[in-house]
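Order of listing sets the numbers, starting from 1, for every ligand and every atom in it. FYI, side chains are in, hydrogens and waters are out, and symmetry mates aren't considered; it's all heavy atoms of this structure. What you see is a predicted model, and the numbers here were worked out from it, not measured in a lab. For reference, positions follow the sequence shown, starting with 1.
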Amino acid sequence: MIEMSLLLVVLGLIVGSFINVCIFRLPRNESIVFPGSRCVMCKTPLKSKDLIPVIGYFLLLGRCRYCECHISIRYPVVELFTAFIFLYSFFVVGSSVKLIEVLIFISFLIMISIIDYDHQLILDKTVVLFSAVGVIFNIFINGSVSVLDMFLGSLLGGAILLLIAIITKGGMGGGDIKFVAALGLWLGLKLTLLTIFLSFIIGGIGSLLLLAFKIKSRKDFIPFGPFISIAAFISMLYGTEIISWYLQTIVK
Ligand SMILES: [Zn+2]
C-alpha cells in the first residue's frame with residue numbers, strides 16, 4: 001500500500017511535468033518531444049537536475065540558472081496537483097485496470113483544462129487523441145461501456161451542449177461541445193448526462209467564487225472546460241453511486 005502510494009506520487013509528478021510541457025507547447029504548435037526543455041526567456045537548454053519535478057524548481061529558488069528570470073510557480077503546482085490527484089484516485093479505485101484508465105483520463109482533463117483556462121481554447125488535436133484513447137480503453141481493455149452506449153453518450157452529450165450553445169448564443173464554445181462528445185466515448189450516456197448536469201452546478205458556483213475573489217471580472221470570459229473536467233472526474237469516480245443514490249432517494 002505504502003509502496004504503491006509512493007509509486008503513484010512519483011508517477012504523478014512525472015506526468016505533471018509532461019503535462020506542463022504539453023500546456024506550453026501544444027497551443028504554440030510546437031513538438032512535445034523535440035527539442036528538450038528550455039528556459040522560456042533565454043532559451044538555454046535546461047540540465048536534467050533542473051527538470052526534476054518540484055525539486056528542480058526549489059533547487060533553483062524559482063529562477064532560471066542562466067538569465068535569472070522568474071520561473072512560474074505554476075510548474076511545481078501542476079506537478080504536485082497531478083501527484084495528489086493520482087494518489088487520491090488510487091485510494092478511491094484501488095489497484096486495478098480501472099486505475100490506469102482513471103489516471104490517463106484525468107491527465108487529459110488536467111491538460112485540457114489548463115490550456116482552456118490560459119487560451120480559452122480546447123484544441124482539436126487533444127480532443128481527438130482523448131477520444132481515441134477512450135475508445136481503445138472501452139473496446140479493448142476495460143469493456144465497461146458498450147459501443148452503443150459510447151456513441152449515444154457522445155452524440156447526445158454533444159447535441160445537448162450544441163443546443164445550450166445555440167440558446168445562450170455562444171456562452172458555450174465549439175471546443176466545449178467537442179470535449180463533451182469525447183467524454184461520451186469514455187463515460188457512456190448516463191455518466192455523460194451526469195457530467196453535464198454537474199458541470200452547470202460546479203460552473204455556477206465556480207464562476208461566483210472567481211468573481212467574489214476578484215480573480216475574474218464580469219467582463220472576462222470564464223472558460224467552461226475546467227468545470228466540465230471537474231464534473232467528469234466526479235462522474236468517473238463516483239457517478240454510478242451518485243445515480244443509484246438519486247434513483248433511490250429522490251425519484252421513488
Ligand atoms: Zn533563462
Side-chain angles (χ1 to χ4, degrees), residues 5-89 103-130 133 173 175-176 179 206 209-211 213-217 219-230 233:
S5 304
L6 267 174
L7 182 74
L8 278 156
V9 168
V10 172
L11 185 68
L13 290 173
I14 295 169
V15 171
S17 174
F18 182 63
I19 290 175
N20 275 324
V21 173
C22 295
I23 293 165
F24 188 81
R25 294 191 182 183
L26 287 178
R28 293 169 175 81
N29 274 322
E30 295 172 7
S31 160
I32 50 173
V33 197
F34 186 82
S37 295
R38 290 153 186 272
C39 167
V40 293
M41 293 304 287
C42 66
K43 312 285 183 228
T44 315
L46 298 176
K47 292 198 168 83
S48 45
K49 63 178 171 183
D50 301 338
L51 294 172
I52 306 168
V54 184
I55 297 167
Y57 179 86
F58 289 102
L59 282 180
L60 292 169
L61 303 171
R63 281 170 180 270
C64 167
R65 186 186 293 284
Y66 309 98
C67 70
E68 301 208 320
C69 66
H70 280 281
I71 304 168
S72 169
I73 184 78
R74 212 175 66 182
Y75 290 96
V77 169
V78 169
E79 289 159 356
L80 283 172
F81 178 73
T82 308
F84 169 76
I85 295 284
F86 271 35
L87 189 61
Y88 181 82
S89 303
L103 297 185
I104 297 174
F105 185 70
I106 52 182
S107 301
F108 271 102
L109 296 185
I110 295 171
M111 177 181 75
I112 290 172
S113 298
I114 301 178
I115 293 177
D116 191 24
Y117 188 82
D118 283 350
H119 302 273
Q120 288 81 52
L121 197 66
I122 295 178
L123 300 167
D124 283 344
K125 52 191 167 190
T126 58
V127 174
V128 169
L129 187 62
F130 183 52
V133 178
D176 299 316
F179 185 27
L209 288 176
L210 286 172
L211 293 173
F213 287 99
K214 302 213 164 28
I215 300 168
K216 293 269 179 190
S217 79
K219 283 176 285 178
D220 289 330
F221 175 79
I222 298 177
F224 201 62
F227 300 126
I228 298 174
S229 293
I230 299 169
F233 177 64

For residues 104-124, which residue pairs pass the ring-ring contact (aromatic ring centres under 6.0 Å, His included) check, not counting sequence neighbours?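 As it turns out, the ring-ring contact (aromatic ring centres under 6.0 Å, His included) pairs with a partner in residues 104-124, which skip direct neighbours, are Phe105-Phe130, Phe105-Trp186, Phe108-Phe130.
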Quick check for you: to the nearest 0.5 Å, what is the distance between Leu109 atom CG and Ile228 atom CD1?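 Atom-to-atom, Leu109:CG and Ile228:CD1 are 10.0 Å apart.
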Tell me, please, which residues at least two apart from Thr82 pass side-chain contact (heavy atoms from CB on, under 4.5 Å).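 Only Val15, Ile19, Val78, Phe86, Ile110 meet the side-chain contact (heavy atoms from CB on, under 4.5 Å) criterion with Thr82.
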Partners passing side-chain contact (heavy atoms from CB on, under 4.5 Å) against Arg63 (at least two apart in sequence or in another chain): Glu68, His70
Which protein N, O or S atoms does the Zn ion (ligand 1) have within a distance shorter than 2.8 Å?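 Protein N, O or S atoms closer than 2.8 Å to the Zn ion (ligand 1): Cys39 SG, Cys42 SG, Cys64 SG, Cys67 SG.
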Identify whether the distance between the nearest side-chain nitrogen and carboxylate oxygen of Asp118 and Arg74 falls below 4.0 Å. yes
Around atom CZ of Phe213, are there more than 12 heavy atoms from other residues, nucleotides or ligands closer than 6.0 Å?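 Not buried by this count: 12 neighbours or fewer within 6.0 Å.
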